[in-house]
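Along the sequence shown, residues carry numbers from 1. Every value quoted in this text rests on a predicted model; they were computed, and no experiment measured them.
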Amino acid sequence: MKKAKTILEQKLGFGFQTVTYKAQDNKQALEEVNKHIKTYENQYKNPLAYQAIQLMAHDETLFNLWFEAIKDSTETEAGFALVNEAIYLSKNPNYNHRNPQVVHHQFEHRG
């Protein structure tokens, strides 16, 4: 099965699986999907992810790095890479998101 690359694909996939497993009365598979849904939803409640997204809105280079990462992997993995990059940048006292002249390092994502 192909891994979903976007939030929309992921949510549609979870929805189709949920409807199918309910119709089949497959409690074990339904429980497994519900675990995946909970894990998936929890990653978007992460305050680091929220802060990284806010930073990306002000730093075009950071946005471009994230965009390239999403083309090579999944939206979820690009999101993790975004958080890692934001943490890396925040450790540099010379980084200013309004004037990002600090050199970004390449995302480390699984493609």
Side-chain angles (χ1 to χ4, degrees):
M1 180 185 299
K2 182 182 169 192
K3 193 172 185 179
K5 289 187 72 127
T6 66
I7 292 171
L8 179 60
E9 289 175 326
Q10 190 71 47
K11 289 197 173 267
L12 285 172
F14 286 148
F16 288 138
Q17 289 175 336
T18 299
V19 168
T20 301
Y21 296 145
K22 280 183 181 178
Q24 295 172 346
D25 197 31
N26 187 339
K27 291 176 176 58
Q28 182 178 359
L30 188 58
E31 186 176 309
E32 201 59 35
V33 168
N34 285 332
K35 284 182 194 175
H36 287 293
I37 290 171
K38 188 170 200 115
T39 299
Y40 187 79
E41 289 175 347
N42 283 340
Q43 79 186 29
Y44 289 99
K45 294 178 183 174
N46 181 332
L48 288 176
Y50 178 78
Q51 291 171 352
I53 290 168
Q54 294 301 311
L55 183 61
M56 181 175 66
H58 296 283
D59 183 340
E60 185 178 343
T61 304
L62 189 58
F63 172 81
N64 289 334
L65 288 170
W66 170 82
F67 189 72
E68 290 301 315
I70 199 172
K71 290 190 317 189
D72 294 335
S73 62
T74 66
E75 188 172 15
T76 301
E77 290 190 13
F80 287 129
L82 172 64
V83 169
N84 289 334
E85 181 75 2
I87 290 169
Y88 169 82
L89 292 171
S90 70
K91 291 179 180 179
N92 186 328
N94 297 317
Y95 176 71
N96 178 345
H97 68 276
R98 300 200 189 282
N99 188 15
Q101 296 175 358
V102 172
V103 176
H104 292 263
H105 76 288
Q106 283 294 327
F107 279 121
E108 296 175 16
H109 65 279
R110 299 177 295 246

- Query: Should the heavy atoms of other residues, nucleotides or ligands under 6.0 Å from CD of Q24 be counted, would the total exceed 12?
  - Reply: yes
Please report the closest heavy-atom contact between [X] and [Y], naming both atoms and the distance.
| X | Y | value |
| --- | --- | --- |
| A78 | S73 | N-OG, 4.0 Å |
| L55 | Y95 | CD1-OH, 3.7 Å |
| A52 | L82 | CB-CG, 3.8 Å |

Mind checking the [atom1]-[atom2] spacing from [X] to [Y]? Nearest 0.5 Å is all I need.
| X | Y | atom1 | atom2 | value |
| --- | --- | --- | --- | --- |
| N34 | K27 | CG | NZ | 12.5 Å |
| L89 | N84 | CG | CG | 11.0 Å |
| E68 | K71 | CD | NZ | 3.5 Å |
| L65 | E60 | CG | CD | 11.0 Å |

- Query: Can you list the residues that meet the side chain to side chain donor-acceptor pair (under 3.5 Å) rule with K35, with sequence neighbours excluded?
  - Reply: none
- Query: Residues two or more places apart in sequence or in another chain: which of them pass side-chain contact (heavy atoms from CB on, under 4.5 Å) with F63?
  - Reply: M56, W66, F67
